[in-house]
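Nothing here was measured: the structure is a model prediction, and the numbers come from that model. Lettering follows sequence order; numbering is per chain, from 1.
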2 protein chains.
Amino acid sequence: MTAQPAPARRITRQREAVRDALAASDEFVSAQSLHQSLRAEGSSVGLATVYRALAALAEDGEADALQSGGEVLYRACTPSHHHHLICRRCGRTVELEAAAVERWAGQVAAEHGFVEPEHVVDIFGLCAECAARR
Amino acid sequence: MTAQPAPARRITRQREAVRDALAASDEFVSAQSLHQSLRAEGSSVGLATVYRALAALAEDGEADALQSGGEVLYRACTPSHHHHLICRRCGRTVELEAAAVERWAGQVAAEHGFVEPEHVVDIFGLCAECAARR
DNA sequence: GCGGAAATTGACAATCGTTCTCATCCGCGC
DNA sequence: GCGCGGATGAGAACGATTGTCAATTTCCGC
Ligand SMILES: [Zn+2]
Ligand SMILES: [Zn+2]
Ligand SMILES: [Zn+2]
Ligand SMILES: [Zn+2]
């Protein structure tokens, strides 16, 4: 097995700023918008750094990532595996656990001889509030 | 309601070429690669046109689209609603039907007061053949 | 078969999100 | 405090996708 030389992650003002900004938002946000939020409140962090920090957080399991509308969105999430129910209007997000779906995914993959299965399961809709405001 | 003037779709050599090229492939392909395939076999079609044709096919339900690795992939698919099991190495694809998952998605959305639910459900893995070739 | 309105095409420019480059900076173990 | 190697940031580079617009083609009615 290729024993990764362990990247060795450091603690820096920028990374902390990104982590905090992400934690402060309850919705999925893009690297771009998060970068602007940081700017807005004086915390100066380079755009490239925001991208790197978010990628690192996602890699470390501290954030979930999903692509929607051509861009990648991030959200600080529960460490355990789960899925999302997202309001396509306001971004409100509900974390979902569904053992049945996990089982189904693994089983279907196995039935067709596929190994190392991963899956993408997300539900988009309009939350009650946004639906009422129509 | 803004009564869409109904776009009125026309039949052209280019659109047919794209439709055929897509049908000829059993895997998910990108607009770019499909454009090159067409070029390779003499059928000259502009890149922008390939993008437009694929978008139209997807809109008309004649093709399924999914984003993976920063690009959008298309595949000629069964008209009825279904999901996919995809080999992340060779692209081999299996169409999946899962009434249980459909039910789960709708139910979960309703439980949280979400309306007009849509969902993304895809499973990626390594097909038996690609797994053996490791 | 013709004429003409409307849809379509294609070469190219323009966007857009994201990644790369590289000189400088700085966290951290000693 | 010293030094190594990861981290940062400004801007260039990139690759996918979309917009522009004049020229072309389809299709409908006559
Ligand atoms: Zn909402
Ligand atoms: Zn899952
Ligand atoms: Zn395969
Ligand atoms: Zn479904």
Check: How many Å lie between CD on B:Gln67 and C1' on C:dG17, as a whole number?
Finding: 12 Å

Checklist line | Any side-chain heavy-atom pair of B:Glu62 and B:Cys77 under 4.5 Å | finding: no

Notebook entry, point to check: salt bridge (Lys or Arg N to Asp or Glu O under 4.0 Å) with B:Glu116: which residues, sequence neighbours excluded?
Noted result: A:Arg88

Please output the side-chain donor-acceptor pairs of residues 65-73 of chain B that fall under 3.5 Å, not counting sequence neighbours, one pair per line with the distance.
none

Under 3.5 Å, side-chain donor or acceptor atoms of residues 120-131 of chain B against the rest of the protein: list the pairs with distances, not counting sequence neighbours.
residue  : atom : partner  : partner atom : Å
B:Glu129 : OE2  : B:Arg133 : NH2          : 3.4

Checklist line | Interatomic distance, B:Ile11 CD1 vs C:dT9 P [rounded to whole Å] | finding: 12 Å

Notebook entry, point to check: Between A:Arg13 (CZ) and D:dG6 (C1'), how many Å, whole number?
Noted result: 16 Å

Next item on the list: Give me the residues of residues 14-40 of chain A where at least one heavy atom lies under 4.0 Å from an atom of DNA chain D, by number, or none.
Entry: A:Gln14, A:Arg15

Check: Taking five pairs at each end, how big is the angle between the two axes of the helix from C:dG1-D:dC30 to C:dC30-D:dG1, to 10°?
Finding: 40°

Check: Of all residues at least two apart in sequence or in a different chain, which pass the side-chain contact (heavy atoms from CB on, under 4.5 Å) check with B:Ala23?
Finding: none

Notebook entry, point to check: Who else is in the cluster with B:Tyr51 when I, L, V, M, F, W and Y are joined by side-chain contacts under 4.5 Å?
Noted result: B:Leu47

Note to self: Please enumerate all residues that pass salt bridge (Lys or Arg N to Asp or Glu O under 4.0 Å) together with A:Glu41, with sequence neighbours excluded.
What the structure shows: none

Note to self: Using the side-chain contact (heavy atoms from CB on, under 4.5 Å) criterion, which residues pair with B:Ser44? Sequence neighbours excluded.
What the structure shows: none

Note to self: Below 30° counts as parallel, above 60° as perpendicular, anything between as tilted: where do the rings of B:His83 and B:His119 land?
What the structure shows: tilted

Item checked: Nucleotide C:dC28, atom C1' - distance to CZ of A:Arg9 in whole Å -> 16 Å

Item checked: Sequence-distant partners of B:Arg9, side-chain hydrogen bond (donor to acceptor under 3.5 Å, both in side chains), two or more places apart -> B:Asp60

Note to self: Applying side-chain contact (heavy atoms from CB on, under 4.5 Å), can you list everything that pairs with A:Ala48, at least two apart in sequence or on another chain?
What the structure shows: A:Arg52

Note to self: Which is more 5' along DNA chain D, the nucleotide nearest A:Ser44 or the one nearest B:Val72? Just name the residue.
What the structure shows: A:Ser44

Could you go over nucleotides 18-25 of chain D and give all protein N or O partners under 3.5 Å, atom names and distances?
none

